[in-house]
Every structure is written in structure tokens, then in C-alpha cells.
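It should be emphasised that the depicted structure is a prediction, and the values quoted were computed from it without experimental measurement.
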Amino acid sequence: MESYELYCLADRRFYDSPSTVEGQPDFALASRDVPAGWEHVVGEMWMHYAPSGLELPAQGWKIHVSAGLADAERTLAIVWDYCVPRGIAFKFLRNEPVLVMVNSKSAPRGSSGKLVTVYPTDEAQLELVLKELDDLLDGVQGPYILSDLRYAEGPLFVRYGAFVSRYTLDPAGERVLALEDDRGRLVPDHRSPTFSTPPWITLPSFLQTHLDARNAVTTNDLAYTIDGVIQFSNGGGVYLGHHTETQAQVVLKEGRPYAGLDMSGRDAVARIGHERDILQRLEGLDVVPRVHDYFTLGDHHFLVQEFVDANPLQRELVRRYPLTRPDASEAELTEYAAWATKMVDDVQRAVGELHGRGVVFCDLHPDNVLLSTGDRLVLIDFEVATLAEDQARSALAHPGYAAPGDRQGPDVDLYALACIALGLFAPQATMLLHLHPGKAFQLADLIAETFPVPRATLDSAVRTIVGPDLIEDPEMAALPLPGRAPWTDVRDSIAKAIVAGATPERDDRLFPGDIAQFRPGGGINLATGAAGVLYALAKTGAGRFPSYEDWLREHARTTEIGPGLYDGLHGVAHVLDELGHHQDALDAIELTLADDFGSRDLGLHSGLAGIGLNLMHFAAEEPGLNSAATRVLDLVADRLGDVNDVPELSGEGKPRAGLMYGSSGPALLFVTAYERTGDTGLLDFAETALRQDLRRCIRTPEGMLQVNQGWRSLPYLEEGSAGIAMVLSRYLQHRPDEELAAELAALRLVTRCSYYVQPGLFMGRAGLLLAAAELGDSTDDLVRGLGWHALPYEGGLIFPGNQLLRLSTDLATGSAGVLLALGTALHERPVSLPFLGPPQWSESLSRRLPPKEV
């Protein structure tokens, strides 16, 4: 999984490729002349080098070289000087910020630690390279690469995997990188944070001793027994355990050397040792856990702490927060406000006790506050705590509570306390303050409108956040907010911000959006690229932009991109056709017809449902596409299965439910095909698909039906109640069913909640608004609620994207999606996503697709 933080390096406002970081030179090695007879490809994160004409196998054993910051440049020079004369292909991370980020605490554990990848052509070369590089890299130290097998004691690791990108469907039905097994089939190339070999691969004999050495490190001789995992990070795990003699429960906190880096470059081992020292300084305070022990296992360090039987404040917030339930009452709002106000006071007293001992917490946020069953409040995670006398900044903090650069020492904690005072009423909204600090004024106003909280309490928090001299924010005050200003003013303001962010001089993207736009084709597609933004602007009457349309037309011809509806050429073709560029659209469709549709998932976003819907759309005017549309429809019907063929949980390695990736996408395909052909057998398939998604839903205590992921339930458009509800409603228009109508009523209850953490269309409030508008439900609160996330940009109105770390203008996560959702509720003409809304097929076109044989 990609790290959003990595895409925050280049720009403080928008997600961007780490390759665009200004003022940060690449590693010195990257400036060397490309060797004669070699090819060099510059990637976002990696610099790739290979001899011209070298034919590598499609898969095999690869070597990863690990190195910490101190040894990185030396390691790269050694690898270059070794590989180039021998004609061995390799790649390396391009600069120090990328190296820090991939080794940071929040980085994905499965890929962390890799500085260089070397590609041997066979096992004989693998053995030789390992032996010779091990000697050359003697003394280099770096993080352990969890996905690999370590060679000897140095920085070399090996793993069997793909050398080239091939794809297949995983058990969850999603397209993933693939290996070819011993029977010639493509199977998922698993990249988990544990070493394993594919079942058909035999470990080379010269690696066996290294595997034995790895397996020899166990916890059998420890004084503690590990009972379970509380959480993992790239810096190490946090485990629940007990003392083997006393049976006392403890928490063991692990620090991995050279991994889990913070902004100061300290690794997890340094921070674990520092946390021990801080906790010993605070010994005797009831608001911190007691230290029991400290030991090393291998080269990992472990801090053993008191186990506190408690829930994080964040979990209690989620459990109690009334606005995520439909139609919250005044009594519920009052009860919650009293609890939240008490929590702020209790946390403030606890932090005051730390300050009394001369310690600044520096990482205060609701996940680091524990509430025990006996009303004891405990602060945890002192890895980056500082001494008040040092007047230091935090080296690692939650972005929603991290103080700006002008706060040092105890003021760092006071800022975080103020964010908690607002954040308990507006969960995660304090993430927006690093994008625009003046948002605090508006958050306070919205909280005061919603909850019975003393205004003085909110104003005190705002003064701490923005400073005592600022009494209002003119930019925030001037924003035309949804539900308060006229629709056309809101629309034009959103369009102004979108256009202000455009970068037509770039080839990778036109409008800034989600990090997915830096995948192949992500900058032009419907979900995160130019196509989706231009679609929303045109549909809502916000304007046509010929030069931007020309940019899309040109890049649709030249960009490598798959065939999907939301992430590929079919979505681009659909938008080009909507904009009147019919021949460009047909040219794009033609490029997709050579695809092996059998390797695609069934979903609407990337798979056959979206492809089939678009082929039917074009076949209405281009009968030559009927056969392709019918073929896709047949494939979906053949692969759909029965209701019980899907598990009862969504995601986490299982097929996902919902509109974009689940069975509701195929259901939409079958309903639409029925509307065009009148073949009632297609409604049978649609019902099966809908019941598959309903099987993966759970009913909440309030009666809402939401997609069940086991650890949480989801109401959203992409994977959640809203997307299923829209397709089920469309189905019931053609085939009434009392049982399914009752399920629809439970699904649509989610549109009556008042708060959503993100504003976006796919996984936020805008998607609920779009669903409510199409279902005929009330939209007033959903429209006004977009004010929680509204921000100013270049004189216009803009919204943050997924994770709330940066602004976004795309359809799936950002302002274009918000614009389209508002248009669905407020525009004078019907507006929707492609193939949603009213039935698509007029009577004159209703029989052009041959009926599906049942």
C-alpha cells in the first residue's frame, strides 16, 4: 500500500510525486553519466539502470540492499561500481527524503528498508553477487527488510518475485501483481512483511544456512510470553503479553534498528530507549504506565510496560459520537457535549502533571490517551517526548495535532490540547488546520451551532491555535458555503479553485488530486484524472474549457492506461463523448478491444461491469460494438456465482462489497441491460448480485445497514451502503420486492447522519449527498455539512482529498466530486455519475443489444 505521506514531500497544498521535490538533490550517484550501452529510466521513487538489450527473466530471485542514512551514498557507489562492469541491472531510491519516508514509522512494512534492488539473471549469478557484495559492503548498516531473507550478517536480503509487471486477480477479485506458477498460471505475487517462497519454488541450497539462522531467533527463552499483537508499525510491534512466572499482564513495545525514522532521523531503537528514560523520570505519576523491563532480542529492543486495561479516547469518541447516527436528538447532543468537555479537562490535567515534571509530551492525540474502566486516564507513547527546558519541537506527531513551527516546548502540548478541544466535536477536522489555520474559526462556529458547548471554551481553543492577535479569517469568512450561499455562487467558486490548480504544462496530470493519479493513466482517468474533473464541470454548468479538453484528447492517445471505466480508457472515452469529441472517444474504445477481458475483475471501477456498461452505451450508436458488449455481459453472468459464494465480510483479503468494487457494479450492468433489452432473466442476475452485497452488510443498533469489514462498517458510495442503495432502488423500480424494499430502507438511513470524516465522493459526505439526491431523500443537512471541510484556495472554494493531508480537485476524492454531488441535489438539469440516475436507454434505442440467453 502506498504511503500518502510520501506524496506530501513535494508540495504543502497538493499531493504530488516525490520526484518533483524542489531544492532536494537526488543522490550523487544519479548525476553520473549513464554508462555506454546502458539504459536509464527515471521513476517517481526509483532510478532504473540496465544494459541495453539485456533479457531478464520475468521473475526470479532478486537482491535488496539496505542502508541507513549514514551509509546510503557509500552503499550506492559500491553497488554501481560492482554492477556496471558486470552488466547487472539494478535500481535505487532517488534521494534522501524518499529514503526517510519509506523507512518512516508510518511506511508500509512490506516494502520498507530497500535502498537498492539488484536483478541477477539466474541462481548462479545470485550466489556470486551475494558473496562478493557481502564482502564489499562490510560494515554497512541498515534496517531489516521484513519481506526478505537476510544473507549473512550484512545489508543484503533476497526474495523471489516478479521482475516485470504482470497482473492477475487475487482471492478478493482485485487486480494485483502476478507470478507464473509451475503450471503456467498467473498467481498473486504476495508481498507481505514476512519471508516466504512460492510453493513451487525450492530455496537455493546456499541460502539454507541463512534461513536456519533466521529461524533460530525465537522468543522461547524470554521471561515473557507474547499473547497477541496490539498494533504494528514500521518501527516495530506493540504486543500484549504476560510474565511467565508471575503471570502479570504486560505490554511489550518493540524497536527495530534503522527503521521507523522520525523527522530528526532517529530510528525506533533510539526512541524506545528515550521513552524508557522519560517514563523513569515520570515514575510515580498515575497518568503514565510504569516501566517493568528493557531487553534486546537479536538486534531488536523491547520496552516492557504496565498493561492498562483501557480503551483509547479515539475509540470512545467513535463509539459515543452522535452525529454518525441518524437523526441525533438534542438529548444525545447534550450528553455527548458533557462527556467531551470532561475529557478535555481530564486530558489537560494529565498534561499539566507532565509539565510539572518538566516533560513535554509532543505526541498528544486521542489514540495516545487511554481511558480505563476505573476512570483512570493514562497517556502512552513517549517516544518523542522532550524536556521543557529544551524548548524543542516534536519530531513525530499526528498531523491533526502537530503544532506549527512557531511553537516550542510546552506550547506544543497546549496546541494539541486545543485541537483535542475542537476535534472531539469535529473528528479529524483538525487535520485541515495545517492547510489553513484560520479554519479553526469556522470549526468553532459549526461546533457551537451543533453542540451545547460554551462559546468561551471554543474561543479559547481557537486563540491557542491561531494566536491571540488574529480575531477572524477574512478568506474563510468570504467563502460561499454550500447550503448558505446560492448554488450558482458555490458552483462558480469551486470551479474557480479547480481551474486555479490546473497544470496544463505537465504531462502526468492536469488537475491535482489523489496519489492514485501517479499510477499509469491516473492523471487522465475518470476517478482521479482530467476526465473526471472536466465531466463534473461540464455536467454542472460550471463551464467548458477547450484547451483542457485538448489536453485530455492528446493524452488519451499517448498515455499508457488500462481499459477500466473509472481508472482507464473507457471512462476517458465516455467523457470525451459527453464533451462532443465522438471520434476521439471511438479511437479510445478501439484501443480497449484487444484486451483479455477474462483477466479483469467484475467491478464497476476497473472491471467488466464498467467496461460492459460503456460498451452498451456506445453500441447504441455504433452497432459494431454489440458483440463486445454481449461478450462482457456473458463473462459477468458466467462468473457471478450464487449469493452464498461471497464471504460475509468485505475487504481484508476478501472480495469487497459495494458499488465500485463489489457486486452492485455487476447488478447495475444487468439492470441497465434489462432496461435496454427487456430480458427479465437479466433481473435475476441483478438480484443475485445485489443479495451478494447485502450478505456482506451488518445492521447497526440504530437500524442502519452498512457494509461489514469486521472491524468497522461503511456507509459510503465506493464501498458501503450508499452505492448499494442506489442500484437496489433502480432494480426495485422494475421488480418490486417487499423484503428488498425493507433492506433499501435500512441502507438509505445512512444519508440521515450528520457527520462524515471526509468530504469526497467515493469515501465521504459527497457520495452520501449524491445517493440521497438520487433516492429522493432530504439533502439539506448533507449540503450544509460540506462546510465542515470547506477551505479557500486562490479566491475560490476547495476541499481536501483522502486522508485530509492535502487538497484535491479530482472526482473520486476532491472538489470535482463535491461539485458533481451538489449538482445532483441543486442543479436545474439532471446530473449524476455515468450510468447512475434515471434509466439510460430511450425507446428508440431499446432493442439494439441482443437479449442475454438465460
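- A side-chain donor-acceptor contact under 3.5 Å links R407 to the backbone of I465.
- Across L820 and L761, no two heavy atoms sit closer than the pair CD2-CD2, 4.4 Å.
- Side chains of D514 and Y7: a donor-acceptor N/O pair is absent below 3.5 angstrom, by distance only.
- Listed for the D413 side chain is a donor-acceptor partner under 3.5 Å among the backbone atoms of F361.
- Residue P427 comes nearest to L317 through the heavy atom pair CG-CD2, 3.6 Å, listed as atom of the first residue, atom of the second, then distance.
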Between L705 and S721, does a side-chain contact (heavy atoms from CB on, under 4.5 Å) hold up when you go through it step by step? CA-CA 7 Å; L705 204 57; S721 319; 5.6 Å; no
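- In this structure H434 satisfies the ring-ring contact (aromatic ring centres under 6.0 Å, His included) test with no other residue, sequence neighbours excluded.
- Residues F511 and A530 come closest through the heavy atom pair CD1-CA, 4.0 Å.
- D381 and R271 are not joined by a salt bridge, as no carboxylate oxygen comes within less than 4.0 angstrom of a charged side-chain nitrogen.
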side-chain contact (heavy atoms from CB on, under 4.5 Å) assessment of L782 paired with Y756: CA-CA 10 Å; L782 288 165; Y756 305 89; 3.6 Å; yes
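- Q803 is not listed as a side-chain neighbour of M431, based on a closest heavy-atom distance of 4.5 Å or more.
- Under the 3.5 Å distance criterion, the side-chain polar atoms of Q408 are matched with a main-chain donor or acceptor of G405.
- The side-chain heavy atoms of L749 and E702, taken from C-beta on, include no pair separated by under 4.5 Å.
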Under the criterion side-chain contact (heavy atoms from CB on, under 4.5 Å), I'd like the reasoning laid out for L822 against L786: C-alpha separation, chi angles, the key distance, then a yes or no. CA-CA 10 Å; L822 284 168; L786 286 164; 3.7 Å; yes
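- A distance of 9.5 Å separates CD of E353 from CG of L377, quoted to the nearest 0.5 Å.
- Within the 4.5 Å cutoff, no side-chain heavy atoms of L659 are placed close to those of I724.
- Between the side chains of E719 and S650, at least one donor-acceptor pair of N or O atoms lies under 3.5 Å.
- A746 and R699 make their closest contact through CB-NH1, 3.2 Å (heavy atoms, listed as atom of the first residue, atom of the second, distance).
- Side chain of T457 to main chain of V453: no donor-acceptor pair is present (N/O by atom type, distance under 3.5 Å, no hydrogens or angles).
- Atoms CG and CG, from L333 and L323 in turn, are 6.0 Å apart once rounded to the nearest 0.5 Å.
- Atom CD of E335 sits in a sparse spot, with 12 or fewer heavy atoms from other residues, nucleotides or ligands closer than 6.0 Å.
- The distance from the CG atom of L770 to the OG1 atom of T779 is 11.0 Å, given to the nearest 0.5 Å.
- Under a cutoff of 6.0 Å and an axis angle of 45°, R656 and Y661 form a cation-pi pair.
- One N or O on the side chain of D262 and one on the backbone of S264 form a donor-acceptor pair closer than 3.5 Å.
- The pair E449-R484 counts as a salt bridge, with a side-chain nitrogen and a carboxylate oxygen less than 4.0 angstrom apart.
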Determine, step by step, whether R806 and I515 satisfy the side-chain contact (heavy atoms from CB on, under 4.5 Å) criterion, reporting the C-alpha distance in whole Å, the side-chain angles of both residues, the deciding distance to 0.1 Å, and the verdict. CA-CA 10 Å; R806 292 292 185 268; I515 66 172; over 6 Å; no
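- Below 30°, between 30° and 60°, or above 60°: for W788 and Y755 the angle between ring planes is above 60°, a perpendicular geometry.
- S815 contributes no side-chain N or O that, together with a main-chain N or O of I494, makes up a donor-acceptor pair within less than 3.5 Å.
- Nearest approach of L714 to Q706, heavy atoms of both residues: O-CB, 3.4 Å.
- Side-chain atoms of S372 do not come within 3.5 Å of backbone N or O of A310 as any donor-acceptor pair.
- In the model, S808 has a side-chain atom that pairs as donor or acceptor with a side-chain atom of T813 under 3.5 Å.
- Separating the CG atom in L446 from the CZ atom in F451 is a distance of 11.0 Å, to the nearest 0.5 Å.
- Going from atom CD of E828 over to atom OG1 of T540 covers 9.5 Å, rounded to the nearest 0.5 Å.
- Between D286 and R376, at least one side-chain nitrogen of the basic residue sits less than 4.0 Å from a carboxylate oxygen of the acidic one, meeting the salt-bridge criterion.
- Under a 4.0 Å N-O distance rule, the pair D459/R463 does not qualify as a salt bridge.
- Between the side chains of D367 and H398, no donor N or O sits under 3.5 Å from an acceptor N or O.
- Between V757 and M763 there is no side-chain heavy-atom pair separated by less than 4.5 Å.
- Considering all non-hydrogen atoms of both residues, A328 and P322 come closest at CB-O, 3.5 Å.
- No side-chain donor from either of Q517 and T528 sits under 3.5 Å from a side-chain acceptor of the other.
- Counting heavy atoms from C-beta on, the side chains of L414 and V351 never come closer than 4.5 Å.
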Could you go step by step and tell me if R455 and D445 meet the salt bridge (charged side-chain N to carboxylate O under 4.0 Å, His left out) rule? CA-CA 9 Å; R455 187 71 212 208; D445 290 341; 2.8 Å; yes
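- Inter-residue side-chain proximity for F441 and L458 is flagged as unmet; no heavy-atom pair is nearer than 4.5 Å.
- Side-chain contact between F762 and Y716: absent, with no pair of heavy atoms (C-beta onward) separated by less than 4.5 Å.
- At a threshold of 4.5 Å between non-hydrogen side-chain atoms, the residues P800 and Q758 do not count as touching.
- Put simply, CG on L807 and CG on L435 are 5.0 Å apart, with the number rounded to the nearest 0.5 Å.
- Without hydrogens or angle criteria, S493 side chain to D489 main chain gives no donor-acceptor distance under 3.5 Å.
- The aromatic rings of Y566 and H605 sit parallel to each other, their planes meeting at less than 30°, with 60° as the upper class boundary.
- Using modelled atom types, one side-chain atom of E332 and one backbone atom of S329 make a donor-acceptor pair closer than 3.5 Å.
- Taking the six-membered ring for Trp and the full ring otherwise, the centers of Y4 and Y15 sit less than 6.0 Å from each other.
- Among pairs with a residue in residues 761-788, those fulfilling salt bridge (charged side-chain N to carboxylate O under 4.0 Å, His left out) read R748-D777, at least two apart in sequence or across chains.
- The main-chain N or O of E330 is found under 3.5 Å from a side-chain atom of T334 such that the two form a donor-acceptor pair.
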